A.B. asks: 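Quick one: the structure is below, and I'll ask about it shortly.
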Amino acid sequence: MARKNRLLFGFIVLFFIFCLPAAAAEEFVLLKAPAKLPKAICSSTGSFVVQELQTCSLVCAPRRSLNDLQKAGAAFEIAFSLEANQSYFLLHSRHPQPLLPGARRLKCLQLEAGIWLLQARDPGFRAWLAEPFSLKALRLPPIFSGSDEAGTVSPRADQAKTRARLRPEAEIAVLVAQVSEERLSNDILALQNFKTRYASTPQCEAAGDFILERFQEVGLAAASDPFAFESAYQSKNIVAVIPGMVAPEQIVLACAHYDSYSNDRFVLAPGADDNASGTAAVLELARILAGEKFDFSIVLLCVSAEEWGLYGSAHYARQARQEGAEIVGVVNLDMIAFPGASQRVLDVIGNYSSEWLADRFIAVAQPYVGLRLDKVINPSMVWSDHSSFWDQGYPALCGIEDSDNPYYHRTSDTLDKLDLGFAADATRAALAVVADLAQPLGVLMAPTGLQARSQLSLALFTSRKTVYLQWDAGDDSQVGFHVYRASAAHGAYERLTGQPTAVNMFVDPLLLPDQTYYYVVTAVDQNGRESNYSREVRDDENN
Ligand SMILES: [Zn+2]
């Protein structure tokens, strides 16, 4: 009897030691859930969308909330239980079976055509993946990373149209005409000559230093921004800034990854198309735009460790969100020099919230280039750095050749295979849209200090929204202002003022209470000339 009691006591002690701490830690699961999962369901159950895809979404949910999710009508399938010592990736592969035989320590689950969710323990797992493949490392708060949001952007019903441009095309045409095929070729060769730019190698770091010097040579303020990845490794992003003259906090960003990958990556990974081509384009933008003046700031960003899982861009985009950076739009260039045998097509890839940017890209750039620009709206295209910006809720797109490069991720991805005319056109396209978004500084200053407040007024049978706008008075160069409104961010602006208003405020009454509105203002001089748009504000931005 006494012995039995001791045993029981021992058992209870063991139970407290081993079981309670496990019960106290919140347990999370990864779910394959329907695409476009309503935000309300997520927030009411403490779960969040890790990745929006075309046919489904990947959701991280507390295990205790599974019943609630079910009750809310979400049909889901449990992919994995999250484990603290594991890493999670999205894997893109064209192979029907993306793991090589014998890959016992890896788990993977197909999410949609060509896309798998992968659970792995150490960096060596890559040896068990069938080449070629692409990876996107997933960051899964709250377990691993604390509090920052994995922002996904819900599709918008009203897709923005491309707005009419105020600026004469002449200024942008002058800039576009400076793109040089020869310089692109030289830069691609210089990057290729590092032999490998596989992130974690000294050669990759040297390539980063080279890019930093190139930015500085053209007179830009530039810096390297180091980051760590997969616990054992380090690399760095290289960032250059052309500060805006009117609203420098508004940022237009062009980026490309400079690291490379191949079947012999520690020795030889020339990565001429992937992605010396995009990097050379960003360097060309730096050279041409460095001496120019724009309303908004232009950031030129060359990131590293893209090939490992988009680590460099994730680092940058996460930090930008934490600092509250106002990024208007991101143009990512990745593989822009191999158009394939017959086609001269550059795909412009966006997610639902970035469709306005893709439309804008095509409308602005098409007149300057001999290649065809095809819009692709597909949130599953996450295999390059634009997707790190999507994750933080920024509009971003990727310009990429519409072809299968047979040298992709091979030691044979070299300059001699490339079509530099195509690369030059892709560079012209990117340059045109970056300049257009940042607005070349006009003769008349765009208004500054625009603020918006909205107020709901409840009448007996109806409720209406009134928006109050106010901005800096400016100087004597203008005689009045025009006010524009759109129902989607950077959408088709509608002018609200018939004659320019002489005062620096405006009231927009009788608006739909559930609709969000966006505003810009312009200044008008005595000859009727109009300035660029001010920065855009949301109707409740200053509530
Ligand atoms: Zn790439």
Side-chain angles (χ1 to χ4, degrees), residues 89-94 114-115 126 129 131-137 184 187-188 191-192 194 196-201 203-204 207-208 211 229 235 237-238 253-265 268-283 301-317 330-340 346-349 376 378 380-390 396-415 417-419 422-423 426-427 430:
F89 296 85
L90 287 180
L91 167 67
H92 176 49
S93 175
R94 296 233 169 103
I115 302 182
R126 290 171 175 84
L129 304 180
E131 300 266 5
F133 58 85
S134 308
L135 289 170
K136 176 179 178 180
L184 286 172
D187 284 340
I188 292 171
L191 288 162
Q192 174 179 311
F194 285 95
T196 180
R197 302 186 309 279
Y198 185 53
S200 77
T201 63
Q203 295 96 314
C204 179
I211 292 164
F229 60 101
S235 195
N237 296 333
I238 312 295
L253 191 146
C255 69
H257 75 87
Y258 67 89
D259 65 311
S260 66
Y261 187 87
S262 83
N263 47 316
D264 194 13
R265 53 198 159 277
L268 187 64
D273 188 29
D274 185 13
N275 183 34
S277 65
T279 306
V282 171
L283 291 175
L301 171 67
C302 291
V303 298
S304 184
E306 188 267 358
E307 301 290 3
W308 284 72
L310 317 183
Y311 288 107
S313 55
H315 166 76
Y316 184 91
V330 175
V331 176
N332 172 39
L333 299 170
D334 194 356
M335 304 177 74
I336 54 161
F338 193 90
L346 186 77
D347 285 341
V348 180
I349 296 170
V376 180
N378 183 347
S380 291
M381 306 281 237
V382 297
W383 314 112
S384 186
D385 299 300
H386 55 282
S387 102
S388 297
F389 291 91
W390 290 352
L397 56 78
C398 182
I400 183 168
E401 66 215 14
D402 184 310
S403 70
D404 268 322
N405 183 341
Y407 312 108
Y408 171 67
H409 285 187
R410 312 292 302 172
T411 53
S412 48
D413 178 7
T414 47
L415 178 64
K417 317 293 193 320
L418 303 185
D419 178 337
F422 184 85
T427 307

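Computed from a predicted structure; not experimentally measured. All values below were derived from every heavy atom in this structure, side-chain atoms included, with hydrogens, water molecules and symmetry-related copies excluded. Whatever order the structure lists ligands and atoms in, that order sets their numbers, starting from 1.
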A.B. asks: Count up the protein N, O or S atoms sitting under 2.8 Å from the Zn ion (ligand 1), would you?
C.D. replies: 4

A.B. asks: Can you give me the closest heavy-atom contact between Ala272 and Gln192, atom names plus distance?
C.D. replies: CB-OE1, 3.7 Å

A.B. asks: Can you list everything that forms a salt bridge (Lys or Arg N to Asp or Glu O under 4.0 Å) with Asp402? Sequence neighbours excluded, please.
C.D. replies: none

A.B. asks: Can you sort out the partners of Arg126 under salt bridge (Lys or Arg N to Asp or Glu O under 4.0 Å), two or more places apart, ordered by chain and number?
C.D. replies: Glu230

A.B. asks: Can we say Asp404 and Arg94 salt-bridge, meaning some charged N sits less than 4.0 Å from an Asp/Glu carboxylate O?
C.D. replies: yes

A.B. asks: With Ala396, which residues qualify under side-chain contact (heavy atoms from CB on, under 4.5 Å), at least two apart?
C.D. replies: Val330, His386, Phe389, Trp390

A.B. asks: Do you know the tightest heavy-atom contact between Phe229 and Ala199?
C.D. replies: CZ-CB, 4.0 Å

